[in-house]
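Written below as structure tokens is the structure these notes are about.
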Amino acid sequence: MYFIANWKMFGDLRSLNSLDKVIKFSKSNKINKGRLIYCPPYTLIRSFFKKFENCQIDIGGQNCHESEIFGPYTGSVNCRMLKNIGANYVIIGHSENRKNGENNKLINLKIKNALKAKLKVIFCIGESLNQKKKNNTKLILSKQIKVGLNKIKYKKNIFIAYEPIWAIGTGIIPKPKDLFDTVKFIKSKFKDKSQKVLYGGSVNPQNINELKKINNINGFLIGAASHNSKKFIDIVKKTYN
Ligand code: 13P
């Protein structure tokens with residue numbers, strides 16, 4: 001199981017101390033088969049990388065520019081730059097970036113260049129509340145997958161993160177049966193039956209007991225609860241208890 005901490009725009013140098021607990025936990029047998037990945041803001045990637053040097057925790061970026069090479073793009077960072085400072089993963093297509101104008105085509109370009117830069121991709125998809133109410137979830141997800149992964153043959157390094165927009169930061173999670181069915185639907189879009197699909201949206205130490213029972217999910221993308229090391233560790237521990 002994968003446990004990915006998406007810190008969004010939270011954290012500064014003081015946050016590094018809070019990672020000691022997680023490092024200790026990652027070296028214990030309590031971690032079981034859990035794989036931990038932290039996606040801090042760009043400003044902290046190098047510091048996290050150094051902090052995690054002697055443990056198995058991986059680092060990812062939260063987004064990237066679509067250009068493969070350096071260029072005049074103020075404020076942007078590309079995948080090679082992320083790789084260069086120690087990231088192995090990158091989140092692409094998060095709804096918080098889609099909201100700011102990222103479309104499926106642009107996401108496709110970003111994914112291609114991330115793979116070229118030898119990063120693993122956490123590819124976010126998900127429907128809005130309105131789309132869900134109109135019964136358009138499957139249609140939306142199909143389009144996001146089709147265009148987002150257009151002309152990408154080798155998908156072993158792509159993790160799908162199903163994040164319904166209405167579940168992000170709201171404390172609401174999908175009904176277990178709905179979530180199982182949606183993850184099954186997403187997996188049915190792939191020839192490779194081992195395609196990994198993660199769930200994200202309000203995952204916390206309370207609802208993990210319910211979420212872990214949904215047995216086709218391969219891990220979790222965790223926002224708010226991941227800023228707190230104790231909560232993050234609790235989520236991992238409870239998944240295996
Ligand atoms: P929350 O866990 O804060 O709902 O955020 C989920 C998310 O967007 C992870 O990418």
Side-chain angles (χ1 to χ4, degrees), residues 1-11 15 18 22 34-42 44-45 48 57-64 82 87-102 104 107 110-111 114 119-129 131-132 137 140-141 144-145 148 158-176 178-179 182-183 186 196-212 214 217-239:
M1 290 283 261
Y2 291 81
F3 299 87
I4 306 177
N6 176 8
W7 272 28
K8 307 191 179 182
M9 200 179 77
F10 291 90
S15 319
S18 74
V22 182
R35 296 275 306 268
L36 307 185
I37 299 148
Y38 268 82
C39 301
Y42 294 139
L44 292 174
I45 290 181
F48 272 49
I57 306 175
D58 274 310
I59 318 269
Q62 295 175 12
N63 198 0
C64 60
L82 288 176
N88 282 321
Y89 289 80
V90 62
I91 296 173
I92 296 179
H94 196 285
S95 58
E96 285 153 10
N97 296 320
R98 289 180 187 261
K99 193 173 70 190
N100 293 331
E102 246 185 28
N104 290 325
I107 288 166
K110 289 187 179 194
I111 296 178
L119 291 178
K120 296 193 170 104
V121 174
I122 301 150
F123 171 33
C124 299
I125 58 173
E127 81 286 2
S128 68
L129 187 58
Q131 290 162 339
K132 177 182 155 63
T137 300
I140 294 295
L141 297 179
Q144 288 174 336
I145 295 169
I158 298 173
F159 298 75
I160 304 293
Y162 171 55
E163 298 207 302
I165 299 170
W166 48 270
I168 296 175
T170 58
I172 302 167
I173 56 168
K175 293 194 187 88
D178 290 351
L179 187 48
T182 309
V183 171
I186 294 168
K196 299 216 173 352
V197 178
L198 320 180
Y199 167 75
S202 294
V203 178
N204 64 39
Q206 285 77 47
N207 59 28
I208 192 66
N209 286 324
E210 185 173 334
L211 288 167
K212 74 176 184 190
I214 303 166
I217 293 177
N218 304 105
F220 301 99
L221 181 52
I222 306 157
S226 74
H227 309 160
N228 179 309
S229 296
K230 187 179 173 316
K231 286 188 185 168
F232 190 54
I233 293 169
D234 265 5
I235 291 172
V236 183
K237 276 190 191 160
K238 287 187 177 178
T239 301

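Residue numbers count from 1 along this sequence. When a ligand or atom number is given, it counts from 1 through the structure's own listing order.
Within the structure, ligand 1 lacks Ala225 among the residues with a heavy atom less than 4.0 angstrom away.
For a threshold of 3.5 Å applied to N or O pairs, the pair formed by Ala224 and ligand 1 contains at least one separation below that value. Close N/O approach between Thr170 and ligand 1 is not found [any backbone or side-chain N/O within under 3.5 Å].
Annotation: Lys231, atom NZ; neighbour count of heavy atoms from other residues, nucleotides and ligands within 6.0 Å does not exceed 12.
Taking every non-hydrogen atom of Ser202 and a distance limit under 4.0 Å, the qualifying atoms of ligand 1 come out as 1 (P), 2 (O), 4 (O). Proximity to Asn6 (heavy-atom distance under 4.0 Å) selects the following atoms of ligand 1: 9 (C), 10 (O).
Shown here are the side-chain contact (heavy atoms from CB on, under 4.5 Å) partners of Glu210, two or more places apart in sequence or in another chain: Ile173, Pro176.
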Would Tyr2 and Tyr89 satisfy ring-ring contact (aromatic ring centres under 6.0 Å, His included), going step by step from the backbone distance to the final call? CA-CA 12 Å; Tyr2 291 81; Tyr89 289 80; 7.2 Å; no
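Regarding atom 5 (O) of ligand 1, its nearest protein heavy-atom neighbour is Lys8 NZ, 3.2 Å. Looking at atom 9 (C) of ligand 1, its nearest protein heavy atom turns out to be Glu163 OE2, 2.9 Å.
Considering Ile122, Ile37, Ile91 as possible partners of Asn6, the one that fulfils the side-chain contact (heavy atoms from CB on, under 4.5 Å) test is Ile91.
Closest heavy-atom approach to atom 4 (O) of ligand 1 within the set Ser95, Gly169, Gly223: this belongs to Gly169.
Between Phe220 and Phe3, the ring planes lie tilted relative to each other; the angle falls in the 30° to 60° range.
A side-chain N or O of His94 and one of Glu163 form a donor-acceptor pair less than 3.5 Å apart.
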